[in-house]
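In what follows, chains are A, B, ... by sequence order, proteins preceding strands, each numbered from 1. As the structure is a computational prediction, the values presented were derived from the model and not from experiment.
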Amino acid sequence: MMEPPQAASPDQTSEVNAPAAVSVRSVETLTKRQDFQRVARARRAAKPGFIVQMRRRAPEEAGGIRVGFTCSKKVGNAVARNRAKRRLREIARLTLPERGLDGADYVLIGRRETTATLPFDQLLRDFNAALDVLHGEAR
RNA sequence: GCGGAAGGCCGGAUGGCCGCGGUCCUGGCAACGGGAUCGAGGAAAGUCCGGACUCCCAGAAGCAACGGUGCCGGGUAACGCCCGGGCGGGGCAACCCGACGGAAAGCGCCACAGAAAAGAAACCGCCUUGUCACCCGGUCGGGCAACCGAAACCAGUGGCGGGUAAGGGUGAAACGGUGGGGUAAGAGCCCACCGCGCGACUGGCAACAGAAGCGGCACGGCAAGCCCCACCGGGAGCAAUGCCAAAUAGGGAUCGCGCGCCGACCGGCAACGGAAGGCGGGGCCGCUUUUGCCCCAGCAGAUCCGGGUUGGCAGCUGUAGCCAUACGGGCAAUCGUAUGGUCAGAGGAAUGGUCAUCGAACCGGGGUAACCCGGGGAACAGAAUCCGGCUUACAGGCCUUCCGCGCAU
RNA sequence: GGCGAGUUGGCGGAGUGGUUACGCAGCGGAUUGCAAAUCCGUGUACGCGAGUUCGAUUCUCGCACUCGCCU
């Protein structure tokens, strides 16, 4: 309930600071178990090739876009897991610097079979669609 | 040509664009850039062995315990690995496979079935050299005969005693096999051949092989049951370990632990006090010996609990190296020498994405065939301290050598 | 990454070189007016593959899976 009213002003301030922020625009990687668990409690959007979770950090936390990747043993052996994570990293690299929200954590979860085999175009389209949904809910 | 055996190698290729990790150089006050170069495997896997390395347990020797290995010789830093040899087994062969010391040191086990499961014994059976009884026969005695009687002999039946292990359903396994002689019946009791055991001597470093001769046969299986013999082995693991910073605490509990004896000398009138040192005692590896250290009254130490941290640096990749080439020793594993090269080092973890061309398997169609057209799109699998092995997974392809069969010459 | 332990019916859980206990659950029956409880009966198992042995759930080796510990 506190989000909507205050969400407008931080957005504006971030656009005021835009020159600096946009030039940074780098995406940090999540590593801590704690971060993953916080994001896991937030919104999610499931697609055939992956699941996306997103969480907006509290204002007192640091800014910037952060993203994490995870593939459990269900995805397959080490080769399959690494391949799935690489493709997830690639779609995040191509998409998030432009579309990611400042101050948000994203987590992409690989899925068995599909993450490694679906056409790359479809993964990109699905990721954009998932971001539409998540951002829409967030505002 | 078909079918096999052994060894080795490869295991998608090239290019464009956009990215990732390390190192080096470089621009910039900084933020942030630019360039060069390197960047997964034969198994990187399982973690099954062996080491390097680090820390812990006082050092050494012996013994015990525990664990491992197990034909012999060699290779190696080492190995449970590799090479060569021996023996046994499989295959026509090339060749392959084998936890392959000891069961006449000991203990234990061998269910069910079976007479019996390990000192051999004797349930059925077979036999009757002993003895007793019976007797329809022969025989003997009597009688003309029917028949009566007898038990010395022959044959038979039964009991007792004895002999025997040829045969016996069983079982995974049954105490040499076959033939002949022999005997009351039988038996290595005797003989021939085969098997088995011991074995002078010969060859070999050895495992082992050959073998004169001897033994009448004694010795079942299981040691991946205990065990014996020989050899080897401390424990833990890079999340080991060391350093720095920050933060919190600056505490609690327990243990060593037995309040030894003598004592030159010093102080004191004395009681007594102090005291170097000596003896003794206690503690520190499971035990013993030996060496060493510590303690015997003061403070420090050790262990555990409680509390705090989840940051950084080192270890971290360059060597028992590895790779390539050449030469030499060796049957070989492998060793030596020379020259050249050096080959991922991350730290939640880098090799990717995409496009184009080419492309193996496989599928469909055509063709006698070589092959052509279309589709299709690459096995198992990803370094985490590092090496040497083993084991397991793996689409498909290539090379070398060899064996058998068929055809031709 | 390293180290260790374990796989026995649907579940829990003993055990041993010779046809695998026991409890709960399930099914059938008895009892009851109906149930519960109780009693009787009953089915179902040694993770997979090799080896040793006459014979393996047990002993040995390999593989698979599950669980735990260490920063």
Side-chain angles (χ1 to χ4, degrees):
Chain A
M1 48 158 94
M2 61 178 181
E3 296 267 352
Q6 290 161 348
S9 55
D11 274 351
Q12 284 175 349
T13 52
S14 76
E15 277 174 12
V16 170
N17 299 341
V22 166
S23 75
V24 174
R25 216 54 186 161
S26 63
V27 179
E28 278 185 72
T29 306
L30 291 176
T31 58
K32 296 276 182 288
R33 173 178 168 80
Q34 222 177 9
D35 292 328
F36 278 92
Q37 287 180 324
R38 278 205 205 99
V39 179
R41 285 193 293 269
R43 296 181 183 81
R44 66 180 59 196
K47 293 290 174 185
F50 50 83
I51 296 170
V52 188
Q53 299 171 329
M54 192 196 82
R55 158 183 171 266
R56 310 206 60 172
R57 290 192 296 278
E60 63 268 22
E61 293 182 63
I65 305 169
R66 301 199 304 177
V67 61
F69 308 91
T70 182
C71 289
S72 76
K73 271 197 175 180
K74 273 186 199 164
V75 174
N77 59 17
V79 175
R81 292 199 301 274
N82 283 343
R83 183 172 180 79
K85 275 191 278 188
R86 286 191 204 108
R87 298 192 91 197
L88 293 179
R89 260 197 288 272
E90 189 69 10
I91 61 175
R93 184 179 71 84
L94 292 175
T95 307
L96 281 182
E98 297 165 11
R99 299 212 48 203
L101 291 182
D102 195 35
D105 287 348
Y106 300 88
V107 167
L108 283 79
I109 304 173
R111 307 186 78 169
R112 185 190 190 83
E113 302 287 331
T114 58
T115 304
T117 56
L118 284 180
F120 196 69
D121 289 344
Q122 186 184 341
L123 290 182
L124 281 175
R125 282 199 307 273
D126 285 347
F127 187 54
N128 276 310
L131 288 185
D132 289 341
V133 171
L134 291 171
H135 292 171
E137 285 180 0
R139 287 175 205 276

For the pair made of [atom1] in [X] and [atom2] in [N], what is the distance, rounded to whole Å?
X: R81(A); N: G348(B); atom1: CZ; atom2: P; value: 17 Å
X: R87(A); N: G352(B); atom1: CZ; atom2: P; value: 12 Å
X: K85(A); N: A350(B); atom1: NZ; atom2: P; value: 7 Å

* To do: Look only at the side chain of Y106(A) and the backbone of L101(A), and say whether a donor-acceptor pair between them is shorter than 3.5 Å.
  => yes
If the glycosidic angle sits within 90 degrees of zero it is syn, else anti. Tell me which applies to [N].
N: A383(B); answer: anti
N: G406(B); answer: anti
N: A253(B); answer: anti

Base-pairing mate for [N] - Watson-Crick or G-U, with both contacts under 3.5 Å:
N: G286(B); answer: C63(B)
N: G12(B); answer: C358(B)
N: U241(B); answer: A314(B)
N: A326(B); answer: U337(B)

Write down the distance separating the [atom1] atoms in [N] and [M], rounded off to the nearest Å.
N: U351(B); M: G22(B); atom1: P; result: 12 Å
N: C48(C); M: A56(C); atom1: C1'; result: 15 Å
N: G397(B); M: G84(B); atom1: C1'; result: 34 Å
N: C272(B); M: C293(B); atom1: C1'; result: 37 Å
N: A224(B); M: C255(B); atom1: P; result: 50 Å
N: G91(B); M: U14(B); atom1: C1'; result: 49 Å
N: G242(B); M: C55(B); atom1: P; result: 8 Å
N: C304(B); M: G292(B); atom1: C1'; result: 29 Å

* To do: Would you mind reporting whether K47(A) and V52(A) have side-chain heavy atoms less than 4.5 Å apart?
  => no
